[in-house]
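Single-structure report; data block below.
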Amino acid sequence: MKRSRTGPLAMGVLASAGLILAGLSLPTAVSAAQPVTIEIESGRADSVSGGDALVSVAGARDDFRIVSAGVDVTDAFHTVDGRLIGLVDELPLGVSEIQVTKKNGQVQATLEVENHPITGPVFSGPQHPMYCTASGAPWNLGAVDEDCHVAAPSVSYRYRTTTGQFADYPTDGSTPANLATTTVDGATVPYVVRVERGTINRAVYETAVLHVPGSAEPAAWTTSPGWNGKLVYTFGGACGVGYWQGSSTGGVQNDLFLSRGYAVASATFNVYAQNCNDVTSAETAMMVKEHVIEQLGPVDYTIGSGGSAGTMQQLLLANNYPGILDGVLGEIGYPDERSTTIGGHDCRALLNYWGTPSGAGWTDAQKVAVTGHALPGTCFGFTFFDGVDDPNRGCNPAIPVADRWSPSNPEGLRCTIADMVKNVYGTDAEGRGLRVEPDNVGVQYGWNALQSGAITVEQFVSLNEQVGGMGVDGNRTAARSEASVEAIERAYETGRINMMTGGLGWTPVIEIRNYTDPTGDFHERYRSAIIRERMLAAYGDAGTHVNWTGANIGANTNQMRVAALDKLEDWLDAIEAAGGPGDRARTVAARPADLVDGCFDAQMAFIAEPLDYDDPSTACNTLYPYHSQPRAEAGMPLIADGLKCALTQPVRADYPAMSDAQWARFTATFPSGVCDWDARPQGYKPLEGTWLDFGTTETVTTAAPEVVGTPRVGESVAAEVDAPEGAAIAYQWIADGTPVAGATEASFSPTADLVGAELRVRVTVSADDLVAQTLLSAETQAVKKAPGKP
């Protein structure tokens, strides 16, 4: 694990580019004193993908030239608000330079960029096997290559009917009689949606934006009617081990966003049911957003949207890869996957125990006292969570049984989070992902129930004696589960356990929750309290986090969602007006004065009330009481971040009276001690930084090539390159800023049509486990005629 070469920028290129376009316009006439600057508008300069990037240049005179990896790309640029904006393509893989030069070649500005394959990876590290779905239903995008990529995206059109439905737009050139309209930035436009589907980073992506077929294609340097200059990125829920390409995205045909003029984007790797890996989710979102910006132009800001694990992803992305999302619009969410899965492992163990003769006599009230849930059945729902740590249950049906791990096929794919995300967590001596699932060594299940008298001493002792754990291969064991402290340290350092100390320091979050606790649903209100507790632990206040709870009524939830979007827009607009994202004080100051915590009653009357888990008597907590989870009832604090608790020896006086035999059984159950919840968990480490890179980050060492020989028609010149032994070298000869077709060898013989041109050779040097680098020779003398030619 290494940090990105450019480091964990507080704002990043995405944020600074948004600032330039949102609030500033440069004068048409550029003063001589203004410096020339180059920016990547479509993303970070070190994270370009697919060989192209939307680039802006400020401060350049009309006669300046823009050169990308030795190629003159000036003609690709257009003047927009006093700057030049253009889509630069055919960037070589790895590191190269974009320069602005005077006509005489004098360099005025240089920007180093790093280009990655459109198939990835960018920062997620070595890729695991992938089973393709893009060629079949529901995508039907055509033949795929070895990376599950299709040759080209497909475009179709949908429209909104006057009765509020989406339908296929006619392909015969006619206009539907029931075509609705919508108003964007004060202008009424036809509600027709351009839907694009293709492949990026081995995922299937979708984008949607208002656009009428037959009208001018969207371009980054023109105004697109119906687009408000903003983007919503959607995320899907659940959690599954992602060795397959997936069959759904977070959804892009969304009336709430499209009707306001937003572009909407998502991809299959942003649905946690298909890819429960926030690193590749972030990487995919970044690459798809880059594609959108290259098509439409720079975005003012990007809002995330999604519920359950869709919120979980938003929080993880905003914290660990800030700038991909500028605001979080979350619903029924959780802070992260690993600490939330605690409940799945605990419920699996408890239900197994209650299914034995020893646990058969427990009442529902006693079970609820141990689980902390609203209903006994809530725990059953949580048992789906631990499947991602069990190689016997974690594989999607798309993965052939013959390819899966089993005791008889030890070389097969292990469908667990630890194995899928082993670039982060590391591997053990047998090549398996280090165990990072929740550890229950020392956990005293039923502690609060024992202290309150809800369960007997014998029940408490028997439960903890027999609750057991999960083995590394998913088998139930009499011994408790034990995780790798090394893997847990990496989980904290890299932000997989989300302590909110990265980009969430300044990213606004509005989180809504329809109250489902009494239904046995596992999206409990308690999860919002955990998010708030971590915010308070990180900053001492919750100035960037707002929480609303409402009744579990669909129409009410829709109203909450609309109101939350309204307020988030106001908040983000104010941040942009104040100077752009990247500063906590600025975000807190920009928060609308009337945007406060609270709840809505069943009639949608709002009750303003700070989120407070500890006081059950408040108005919102009376309407929507909090519950908890088994480990909280075992003593875990509300911050709920520990996968492996610190241990201490039990003190007999802390327990109701036990017989000597019971105490002996109890202490034998906990030979290493019981959880010390006053101490930080084992493996706790502060966040190492944001924009961490889990792949190759060191650039190959080489020097600029030299051209040997006289550039003359009929004679050869050659490139001399000082490259590391074993490195691969790709050549491209360039004449007066234009690549010479077919001139891709180490030597080159100029032809008569090049007389008078100055030559350069471009070399791209690549080597295993190193980032490729592209360098240019100095220009030669002008190509001369062949000897004796007039």
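The figures here come from the full heavy-atom set of this structure, side chains too, leaving out hydrogens, waters and symmetry mates. Please read all numbers here as calculations on a predicted model, not as lab measurements.
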Kindly determine whether Thr507 and Val328 satisfy side chain to side chain contact (heavy atoms under 4.5 Å, CB included), including the steps that lead there.
CA-CA 7 Å; Thr507 304; Val328 170; 4.3 Å; yes
Stepwise side chain to side chain contact (heavy atoms under 4.5 Å, CB included) check, Val264 with Gln253
CA-CA 8 Å; Val264 187; Gln253 294 180 52; over 6 Å; no
Would Gln274 and Ser248 satisfy side-chain hydrogen bond (donor to acceptor under 3.5 Å, both in side chains), going step by step from the backbone distance to the final call?
CA-CA 9 Å; Gln274 298 161 170; Ser248 66; 3.1 Å; yes
Checking His345 against Asp386 for the side-chain hydrogen bond (donor to acceptor under 3.5 Å, both in side chains) test, could you report, in this order, the C-alpha distance in whole Å, the side-chain angles of both residues, the deciding distance, and whether it holds?
CA-CA 5 Å; His345 284 270; Asp386 72 329; 4.6 Å; no
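Within the model, atoms CZ of Phe600 and OG1 of Thr549 stand 10.0 Å from one another, a figure rounded to the nearest 0.5 Å. A distance of 9.0 Å separates CG in Leu611 from OG1 in Thr618, rounded to the nearest 0.5 Å. Between the CG atom in Asn448 and the CE atom in Met636 there is a gap of 11.0 Å [rounded to 0.5 Å]. One distance of note links CD1 of Ile510 with CG of Leu329; it measures 7.0 Å at 0.5 Å rounding. Once rounded to the nearest 0.5 Å, the distance linking CZ of Arg534 with CD1 of Ile639 reads 6.5 Å. Once rounded to the nearest 0.5 Å, the distance linking CG of Asn270 with OH of Tyr205 reads 13.5 Å.
Looking at Phe382, Phe380, Tyr526, Phe522 one by one, the single match for ring pair (Phe, Tyr, Trp, His ring centres under 6.0 Å) with His373 turns out to be Phe382. Applying salt bridge (charged side-chain N to carboxylate O under 4.0 Å, His left out) to Asp255 and the options Arg260, Arg160, Arg561, Arg158 leaves one that passes, Arg160. Just one of Asp597, Asp612, Asn547 meets the side chain to side chain donor-acceptor pair (under 3.5 Å) condition when paired with Arg532; it is Asp597. For the side chain to side chain contact (heavy atoms under 4.5 Å, CB included) with Thr182, the lone residue among Thr188, Leu210, Val192, Leu258 that qualifies is Leu210.
For the 3.5 Å distance criterion, the side chains of Asp185 and Asn228 fail to qualify, holding no donor opposite an acceptor. Side-chain contact of Tyr157 with Asp168: a donor-acceptor pair under 3.5 Å is absent, judged by distance alone. In this structure, a donor-acceptor pair under 3.5 Å is present between the side chains of Ser628 and Glu633. If you check the side chains of Ser617 and Asp615, you find a donor sitting under 3.5 Å from an acceptor. Thr302 and Lys230 share no side-chain donor-acceptor pair at under 3.5 Å. Inspection of the Glu206 and Thr249 side chains reveals an N or O donor paired with an N or O acceptor under 3.5 Å. Under the 3.5 Å distance criterion, with hydrogens and angles disregarded, no donor-acceptor pair is assigned to the side chains of Glu437 and Ser481.
Considering every non-hydrogen atom in both Ile417 and Cys276, the closest pair reads CD1-O, 3.5 Å. Smallest separation of non-hydrogen atoms from Met500 and Pro335: CE-CB, 3.9 Å. When all heavy atoms are compared, the tightest approach of Ala590 to Ala574 is O-CB, 3.5 Å. Counting all heavy atoms, side chain and backbone alike, Ala602 lies closest to Asn556 at O-ND2, 3.0 Å. The minimum heavy-atom distance linking Ala265 with Val288 is given by the pair CB-CG1, 3.9 Å. When all heavy atoms of Ser247 and Thr268 are compared, the closest pair comes out as N-CG2, 4.4 Å.
The ring of Tyr626 has its center closer than 6.0 angstrom to the ring center of Tyr613. Between Tyr445 and Phe460, the gap from one ring centroid to the other reaches at least 6.0 Å. Between His523 and Tyr334, the ring center distance clears the sub-6.0 Å criterion.
Using cut-offs of 30° and 60° on the angle between ring planes, the pair Tyr191 and Phe166 is perpendicular. Aromatic ring orientation, Trp354 versus Trp362: tilted (interplanar angle from 30° to 60°).
Glu511 and Arg513 are joined by a salt bridge, as a carboxylate oxygen and a charged side-chain nitrogen come within less than 4.0 angstrom of each other. Ion pairing of Lys567 with Glu569 is absent here, as no side-chain N (NZ or NE/NH1/NH2) approaches a carboxylate O to less than 4.0 Å. Taking a cutoff of 4.0 Å between a charged side-chain nitrogen and a carboxylate oxygen, Asp389 and Arg338 qualify as a salt bridge.
Judged by distance alone, with hydrogens and angles left aside, the side-chain atoms of Asp601 form a donor-acceptor pair with the main-chain N or O of Met604 at under 3.5 Å. Judged by distance alone, the side chain of Asn275 and the main-chain N or O of Phe269 form a donor-acceptor pair under 3.5 Å. In this structure, the side chain of Glu576 does not engage the main chain of Asp573 through any donor-acceptor pair within 3.5 Å. Between the side chain of Thr587 and the backbone N or O of Asp583 there is at least one donor-acceptor pair closer than 3.5 Å. With hydrogens and angles ignored, the 3.5 Å screen pairs a side-chain donor or acceptor of Asp336 with a backbone N or O of Asn498. When atom types are taken as modelled, the side chain of Thr501 and the backbone of Ala538 share no donor-acceptor pair closer than 3.5 angstrom. Panel note: side chain Arg525, backbone Tyr624; a donor-acceptor pair is recorded below 3.5 Å. Listed for the Gln444 side chain is no donor-acceptor partner under 3.5 Å among the backbone atoms of Cys675. Judged purely by atom type and a 3.5 angstrom limit, Asn352 has no side-chain atom pairing as donor or acceptor with the backbone of Ala349. Checking side-chain atoms of Thr456 against main-chain N and O of Gln459 turns up a donor-acceptor pair under 3.5 Å.
Gln313 meets the side chain to side chain donor-acceptor pair (under 3.5 Å) test with Ser281; sequence neighbours excluded.
Contact of the Glu337 side chain with the Tyr272 side chain is registered, since non-hydrogen atoms from C-beta on lie closer than 4.5 Å. Residues Val189 and Trp227 fail the side-chain proximity criterion, which asks for heavy atoms closer than 4.5 Å. Side chains of Val546 and Val596 form no contact here, defined as non-hydrogen atoms less than 4.5 Å apart. In this structure the side chain of Tyr262 never reaches within 4.5 angstrom of the side chain of Leu231, judged on heavy atoms. Using a 4.5 Å heavy-atom cutoff, the side chains of Arg586 and Trp506 are not in contact. Cys379 has its side chain out of reach of Lys367: every pair of non-hydrogen atoms, C-beta onward, lies at least 4.5 Å apart. Two residues are said to be in side-chain contact when any heavy atoms from C-beta on lie closer than 4.5 Å; Asp364 and Leu375 fail this criterion. Between Val562 and Leu256 there is a side-chain heavy-atom pair separated by less than 4.5 Å.
Under a cutoff of 6.0 Å and an axis angle of 45°, Arg584 and Tyr539 form a cation-pi pair.
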